[in-house]
*Asks:* 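There's a structure below that I have some questions on.
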Amino acid sequence: MSIALNHFEYMRGCVVEILSDLASAGSLPVETDFSRVSVEPTRDPKHGDVATNAAMVLAKPAGLKPHDLAGQIIAGLDNVEAVQSAEIAGPGFINIVLNNDFWHQRLGEVLAAGTAYGTSTLGQGKRVNIEYVSANPTGPMHVGHGRGAVIGDVLANLVAKAGYNVTKEYYVNDAGAQVDVLARSLHLRYREALGEDIGEIPEGLYPGDYLIAAGKALAERDGKKWQTGDEAEWLEPLRDFAIEAMMDLIREDLAALGVEHGVFSSESELVGGGGVDAVMKTLEDRDLIYTGVLEPPKGKKPDDWEERPQALFRATQFGDDVDRPVKKSDGSWTYFATDMAYHLDKFNRGFADMIDVWGADHGGYVKRMQAAVKALTEEGGALDVKLCQMVNLLDKGEPVKMSKRAGTFVTLREVIDQVGKDVVRFIMLTRKNDAQLDFDLTKVMEQSRDNPVFYVQYSHARCCSVLRHAEEMFEANEINMEAMQKADFKRLTDSAELALIKIMAAWPQTVESAAEAHEPHRIAYYLHDLSAAFHALWTKGSKEDTSLRFLSEEDKPLTVARLALVKAFATVIASGLEVMGVEPVEEMR
RNA sequence: GGCCCCGUAGCUCAGCUGGAUAGAGCACCGGAUUUCUAAUCCGGCGGUCACAGGUUCGAAUCCUGUCGGGGUCACCA
């Protein structure tokens, strides 16, 4: 059982029970398949709380008209305790209104569960590996990395809340040519630290200032040990030193963003430990590796294209468009080859479900990796890849000009320091992962309704304000959690109050569907909608009908019931923000 | 040329895996402030869901094709 009732699932259960009864009574064929029967929210609240398509889906197999079957289902629904009314609409929908008691019970559930509200057992403890960030250890993170970091992190929280056993993983690309370049770049900074004039950083090396500190640290640790020697002598130790320094940098950035990985996997360890060779040998034995010649891409041909035979993986057998090289011309493994070994390693560690979060520029890589997983796990594993589109950094609507060379590059850390981690995390989720995102440094700090971070935080702060005022009006034991849970919820009858409860009650379903779809941005949208319902109730009480104000000296029982509503709302907001890794704000003066 | 993503209101974008009369914010127009925070709310205006076929009770959503925008295309990661 989940910690809260998913009322759509609950009502679906009721409908299916009625259908089963109809089947045993002979009104429906005994073997009728109910799998297409769904219970969903209505588009328009005027249509009721939930609607089912049962009559439309089953009319044909039952040999009945949708309306006739609907009539029989409605007769059954009238006997369901939670149902206030049910009626046929449109082509055969059954619109269902649930009674207030049912909604009041949901309110009690929220209070009982606290921020654990919405936690589900959907995943049944199944293990899922989510690999994200995996930024190359060659410098500090930029804003685009930050988006992937947030999407991966929140997706992990979300999937965990839906009942899966999640491992957050970072793949360290500490092998290959680029970390050699890093080592050479460090060597320059190291000589600089020892007093040499190194002049301009040559083209092709990393010019960033962040290596200066690493150079100094190396000079302090090792003195002049590597200053004059041959590259062959110092390359490896400097590489290790540089990677360690860069990973420290990245870990600091991640910590500032509130992101923490459980596992760091090293590419070089995988290669060094023979993991790649073993996997390739296995593939060769299965005749999935062969020596062939690739055709150059049609359209534009690369200038330095040379036709040559190379070791290819039969990716086309598993859904890819062409077979993919696993060896470079110098005989070493391609990145793809090591990545295959890495994904098999994850599978062998017990993760049949894998999710990778990548930048959109790696889009062309998805099919081959999925083909690889299919081949390596013999269909036992599944890989979903979330591609993150670019982040356009703006200030007051103008693009922020960035150049690595000119040293005007804005790092993720600078943005976090400027606007705060909570704002960064929230804004990163205000678009689907595969849509481009504008991040305006000024706009995200504005206190207005078109800033979703503020809008949601403000609704929570307003709650806290009400609860603070209540403390002056009541003795502590009159409005503690116990008292709120015993409050007379039946007093909450206004449409705006009930509307708020109904959206709160949709939280468990939101968690489950967003987790299943691997779409963390839905949480941000949900919280915005939930906040809107609260702001609406607030203003309704203060303007249209002051009897709807939360605090009333004259009617304390009613006030306690309303405080319970306020508390429950704040709890669901907090629960959602917890998934997003954002701290709820209690005051915004 | 192949592959992937995208095309929804003047602008920025949602649309819960196929549901009803397609939604929200901004902008524009008009309202609400003796207050628990008006940093908010309510109403109005605004659409050929790029286009053409197809699948079915039913399509913004799935399939095919066309047009337009972006990304990517051995030996980088």
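Numbered from 1 within each chain, the chains take letters A, B, ... in sequence-line order.
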*Asks:* Students often get this wrong, so: under 4.0 angstrom with heavy atoms, is A:Pro66 touching a base, only sugar-phosphate, or nothing?
*Replies:* nothing
*Asks:* Strictly below 4.0 Å: does A:Lys432 bring a side-chain N or O up to OP1 or OP2 of B:rA14?
*Replies:* yes
*Asks:* Find the partner of B:rG1: check Watson-Crick (N1-N3 plus N6-O4 or O6-N4) and G-U wobble (N1-O2, O6-N3) distances, both under 3.5 Å, and reply none if neither fits.
*Replies:* B:rC73
*Asks:* In terms of side-chain heavy atoms of A:Leu551, which of B:rC3, B:rC36, B:rA74 is nearest?
*Replies:* B:rC36
*Asks:* Return no unless some side-chain N or O of A:Tyr455 is found under 4.0 Å from OP1 or OP2 of B:rC41.
*Replies:* yes
*Asks:* Of the listed nucleotides (B:rA77, B:rC13, B:rC75), which one gets closest to any side-chain atom of A:Tyr365?
*Replies:* B:rA77
*Asks:* Any side-chain N or O of A:Trp538 less than 4.0 Å from the OP1 or OP2 oxygen of B:rA38?
*Replies:* yes
*Asks:* What nucleic acid atoms does A:Met588 come within less than 4.0 Å of, heavy atoms only: base, sugar-phosphate, or nothing?
*Replies:* base
*Asks:* Students often get this wrong, so: under 4.0 angstrom with heavy atoms, is A:His362 touching a base, only sugar-phosphate, or nothing?
*Replies:* base
*Asks:* Between A:Glu497 and A:Arg562 (salt bridge meaning N to carboxylate O under 4.0 Å), is one present in this structure?
*Replies:* yes
*Asks:* What is the pairing partner of B:rU34, taking Watson-Crick or G-U wobble pairs with both distances under 3.5 Å in any strand?
*Replies:* none
*Asks:* Would you mind telling me which of B:rC36, B:rU40, B:rC3 lies closest to the side-chain atoms of A:His535?
*Replies:* B:rU40
*Asks:* Any idea which of B:rG1, B:rU40, B:rC75 is nearest the A:Arg462 side chain?
*Replies:* B:rU40
*Asks:* So if I define the base as every atom that isn't primed, P, OP1 or OP2, how would nucleotides 17-27 of chain B read as a B/S/- string at a heavy-atom cutoff under 4.0 Å?
*Replies:* B-BB-S--SS-
*Asks:* For a quick test of reading the model: is some side-chain N or O of A:Lys367 closer than 4.0 Å to OP1 or OP2 of B:rC4?
*Replies:* yes
*Asks:* Say you pick atom P in B:rU8 and the same atom in B:rG15; how far apart are they, in whole Å?
*Replies:* 14 Å
*Asks:* Is A:Asp180 paired with A:Arg239 through a side-chain N to carboxylate O contact shorter than 4.0 Å?
*Replies:* yes
*Asks:* Taking A:Asp323 for the side chain and A:Ala315 for the main chain, is one N or O donor matched with an acceptor at less than 3.5 Å?
*Replies:* yes
*Asks:* With a cut-off of less than 4.0 Å, is there a side-chain N or O of A:Lys327 near OP1 or OP2 of B:rC75?
*Replies:* no
*Asks:* Does B:rU72 fall in syn (glycosidic angle within 90° of 0) or anti?
*Replies:* anti
*Asks:* Counting just side-chain N and O atoms, does A:Lys540 come under 4.0 Å of either OP1 or OP2 of B:rC42?
*Replies:* no
*Asks:* 5'-most contact on RNA chain B: A:Pro325 or A:Ala435, nearest heavy atom basis?
*Replies:* A:Ala435
*Asks:* Which residue, A:Arg324 or A:Asp434, contacts RNA chain B at a nucleotide closer to its 5' end, judged by nearest heavy atom?
*Replies:* A:Asp434
*Asks:* For A:Gly363, report the nucleic acid contact type (base, sugar-phosphate, nothing); a contact means any heavy atom under 4.0 Å.
*Replies:* nothing
*Asks:* If B:rG7 has a Watson-Crick or G-U wobble mate with both distances under 3.5 Å, name it; if not, just say none.
*Replies:* B:rC67
*Asks:* How is A:Arg468 classified with respect to the nucleic acid when contacts are heavy atoms under 4.0 Å: base, sugar-phosphate, or nothing?
*Replies:* nothing
*Asks:* Could you let me know what B:rC45 is paired to, Watson-Crick or G-U wobble, both distances under 3.5 Å, or none if it's on its own?
*Replies:* none
